Novice: 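Sharing a structure here in structure tokens format.
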Amino acid sequence: MKSATAEFSAQDTSQAHAGELRHLAWVVGSMAAIFLLSYALPFLTRFRPLLADEGLPIVRMFKGSQESELPGFAEAGLITRAGVSEQQLAKTLGAHVASNLGEARDTPPQDARDVRGAAGQGPDATGPSSGPALRIAPEEYADIPRSIEFAQNLRPFFTALERSAMDKPGAITRIAHYGDSAVAADAIASTARRRFQKRFGDAGHGFILISRGNMHYAHKDVLHRTSKGWSAESAVQKSIGEAWYGYGGVQLRGRAGESALIGTVKEGPIGTRVSRFELFYQRHKRGGHLQVKIDGEAREPIDTRADTREDAFERYDLPDGPHTLSLRAVGGGESRLYGVVLERDEPGVVYDSLGLVGGRAQRLLNLKAAHIKRQIAHRDPDLLVLGFGGNESANSWLNMERYEQELVQVVKHMRAGKPKMACLLFAPLDQGEHDKRGKVVTVETLPQIVEVQRRVAKRLGCAFFDTFTAMGGEGSMARWRKSRPRLATSDLRHATPEGYEVIGNLYYKAMLEAFATHLKSR
Amino acid sequence: MHFHSLDYLTFLVLALSLYWLLAAHGLLRLAFVFAASCAFYMAWNPTYIALILTSTVLDYTVGLRIAAAAEKDEQRAKRAWLLLSLLGNLGLLGVFKYYNFFADATAQTLALVGIEVAPARLDVLLPVGISFYTFQTLSYTIDIYRGRLAPTRSFLRFACFVTFFPQLVAGPIVRASELLPQLEQRPRLQAGTVSSALFLIAVGMIKKVAFADYLAVNLNDRVFDDPSAFTGAEVMLALYGYTMQIYCDFSGYTDVARGSAMLFGLQLPENFDRPYQATSPAEFWRRWHMTLSTWLRDYLYFPLGGSRAAPLRAYMNLGLTMFLIGLWHGADWTFVIYGLLQACAMLVHRYAYRRAGRSADQADPLWLHALKIAGTLHFAVLSRVFFRGSSVDNALEVSAQLLQGGVSIGHVPGQVLAVLAVGYLAHYTPRHWFEEIRRRFVALPAPAQGACLAVVGACLMLVVSQDVVPYIYFQF
């Protein structure tokens, strides 16, 4: 009896087991049949589990291509946080990216003075000499995938740069870099600033807005604290009819109580000294009073009232060293401030990071022509950099012909204040989006925008830096996002601070290479 | 090969087909499971299979030697073999996971006293799952040493225990006493096993794709990548988001692993028990990554004396265990801080309860119970800053942004808020609701189950964030 029960029990178990296997086969079979429908019915294309070009499942995991396709999790994503495998990063993103990640990996920047020392009998004091006064070692611009195109158009800038590097008195080389959010965060520009200043001399932080308002705006290597009530009127929004947005493209309006503190940082690679503050602001009918303090010591208050609207500048010369400038609106009306310049009397480079959050190049046309002409003329930059195109690429309907015409207008508009100033168009970063399969691809318009910018640069006598190709071209945003450290953010439109640092290094080195070529060619 | 990929599903179907064809042939079946598991691992990195095999051979041999020494009552030999296992396993873990961190930390410490040292760094990748399989194999030799487990004579069986692919890379950490006996028997599927397993796999996929990955891509990564672009309220939402992400990511992985194992006729232990319903840090760790917590309890905390030691020693035991739980997750200062925070919370909690003279399990009024849940949840949420932060600086930047305030949540899309809300609501629903859904699914005929799973798969294809987002715990 007992053995019969056991036999029945074993039989039941066996039948249940077989039933379960049949059940599993049915479930898998019915799922497969349903998904096969997606190959028969065109409107279900989105649900096809596999496409012809995607390779055989499992087999594709063992192919070498896997590393470039899925670098984020298999290996690069598993690097210990304590250290980045440069070898792996080089494999997935290219040697130029790996070797340009972080300042520590750079060739140590040479002090310009050392270089000058090597050229003991350099040029005379009146201007650049005919001989090569500066030597740029090829290692200084190693590992760059893209050179500056049409670099011969940078001659006026290189002339100024050479004078700075050779310690000519008062030889300050100014760069005005306008751009979208990448510049507003002082991301690419801060890397370029540090590199240029370490190499050619620190002539001050440059221009900074009074306050960030409600924008994503931040500058590195400078003290910048402000109250929260400043209202930002940006050329991007075209929010004020007068269209006097100032040199930085953003006018900050504040009433009694609003304040700002701008100055040098206590320590850092640059930005620890200043010998000149210059306030850029507007005088107008309902202007207010502005209390000014330098290093805590009150100066003559500024009355921003005037019968007619006018641009104004207030300059404070100081002994070279650490200083702060404090501004406080004290009533009487509204203070309208454009920004403050921090400079030194030392020869060197000043890099103005002029970012417009959400900016498109065409928005610069919102700056009143006569006004921006005066602002540029006063600031007197040697190089104008225009870094737009990322936001434009979001428009899949962008008319390229019209975009080209507008870009030509923008360059002319911004150069009007100093027509002989060199200019450079800085192509946008790769911009990613999900295709219908969920895969990250480059937005369709981006390569066309880059081409238009290249054409415009050539036509108007500007130089061109192809950021998109330097990053790795098509699909690079997807690869950058998957890499560790992550070089691109999840919105597939921006780089992370590490990513911007790579771009800043690539750009700086490309400029250095062009400068070296310029020196050799003379 | 990620679970939420066509590659894994294809792999699983093929592996199951061959496994059940070979089910009656014990040796062939085990050989196949071992080969399939190695292939699964090698899809990530073929080289590092050597590390697993080294651990496997080492502990298989050590297990037999310890048992032989025990038979001859050679205590010194027993200890020597155990020491070899500990040094071998922890040595590999130390070199591949912790070496660079400790080398840098030492150099930084020396720099503080003016001694400049440039430590040699290892340019190696962290082998996938090393923390999991190391603990798994260690438990085998320790249990044999303690006389709680008899060593297996079959190398293949032991190799299958170490490498069984569903739990190889991110757990659960299975004890030999749980899995080895199952591998010895001819596998059989009980009635309802397949339906329950498929349900578990589907739930795991939904957790991973619809919650974890969606929140990661659309909220959490953005905020942590650039905290200064967000208000305090948005940063707080991202912390809630990350807390949900990591739960859905890890418990989703565990669900798929357990479901897959069930289809092979094998049972893996539970790893999560609705952790955000915990009313204290101690309970949280009894509900979160349970196989790690119990591992450290049994192999570290108890041997140190546990709570039965003198009061000060008991606190030290607890603090050390919790600190090591933090450090287990990664070799970085962020995890050191995370571990210290957990240790502090546990110590404060234990001290408070002892001082109040009440048991942690004592029933509370409803309002106090809710308050405790909220408090424990928010400690988990806020301490995650250091778990997620890419560096201490990044974590501090996020914290500073959180404190800076700002109530606007304009940068968080409505659908992200909806996913977040659904995630938390689901976590706090009565358990029987979930059980009822499972019961209804199990009751469906096979084709209907297939249709349901196809619909779930299609929906996930619509929301899938991008190619593949790695499981967070793979890096540990």
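All values reported here derive from a predicted model rather than from experimental measurement. By convention in this document, chain letters (A, B, ...) are assigned in the order of the sequence lines, proteins followed by strands, and residues within each chain are numbered from 1.
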Novice: Could you tell me which portion of B/L9 (side chain, backbone, both or neither) has an atom closer than 4.5 angstrom to a non-hydrogen atom of chain A?
Specialist: neither
Novice: My understanding is that only residues two or more places apart in sequence, or in another chain, count here; which of them pass side-chain contact (heavy atoms from CB on, under 4.5 Å) with B/F102?
Specialist: B/Y98, B/L327
Novice: Select, from B/G265, B/G457, B/A39, B/P187, the one with the greatest count of heavy-atom pairs under 4.5 Å involving chain A.
Specialist: B/A39
Novice: Considering only heavy atoms from C-beta outward, does the side chain of B/Q449 approach that of A/S30 to under 4.5 Å?
Specialist: no
Novice: Under 6.0 Å from the CZ atom of B/R188, do we count more than 12 heavy atoms belonging to anything else shown?
Specialist: yes
Novice: Which residues pass the side-chain hydrogen bond (donor to acceptor under 3.5 Å, both in side chains) test with B/T47, sequence neighbours left out?
Specialist: B/N45
Novice: Give, as side chain, backbone, both or neither, the part of A/T496 having an atom under 4.5 angstrom from any heavy atom of chain B.
Specialist: side chain
Novice: State, to 0.1 Å, how close A/H23 and B/S195 come at their nearest heavy-atom pair, and which atoms those are.
Specialist: NE2-OG, 3.2 Å
Novice: For A/T489 and B/R222, run side-chain contact (heavy atoms from CB on, under 4.5 Å): C-alpha distance rounded to whole Å, both residues' side-chain angles, the deciding distance at 0.1 Å, then the answer.
Specialist: CA-CA 6 Å; A/T489 60; B/R222 291 182 188 193; 5.6 Å; no
Novice: What's the shortest heavy-atom distance between B/A458 and A/F47, and which atoms?
Specialist: O-CE2, 3.3 Å
Novice: Is it the side chain or the backbone of B/L12 that comes within 4.5 Å of chain A heavy atoms, both, or neither?
Specialist: neither
Novice: Answer with side chain, backbone, both or neither: which region of B/L219 has an atom nearer than 4.5 Å to a non-hydrogen atom of chain A?
Specialist: neither
Novice: Tell me whether A/E20 contacts the main-chain N or O of B/G192 through its side chain, where contact means a donor paired with an acceptor under 3.5 Å.
Specialist: yes
Novice: Is there a donor-acceptor pair under 3.5 Å between the side chain of A/H17 and the backbone N or O of B/L189?
Specialist: yes
Novice: Give the minimum heavy-atom separation between A/F35 and B/A454, together with the two atoms involved.
Specialist: CZ-O, 3.6 Å
Novice: In terms of heavy-atom proximity below 4.5 Å to chain B, should A/L24 be classed as side chain, backbone, both, or neither?
Specialist: both
Novice: What part of A/A185 is in contact with chain B, defined as an atom under 4.5 angstrom from a non-hydrogen atom: side chain, backbone, both or neither?
Specialist: neither
Novice: Does the side-chain contact (heavy atoms from CB on, under 4.5 Å) test come out yes or no for A/R481 and B/V217, once each step is laid out?
Specialist: CA-CA 11 Å; A/R481 189 188 173 277; B/V217 169; 3.8 Å; yes
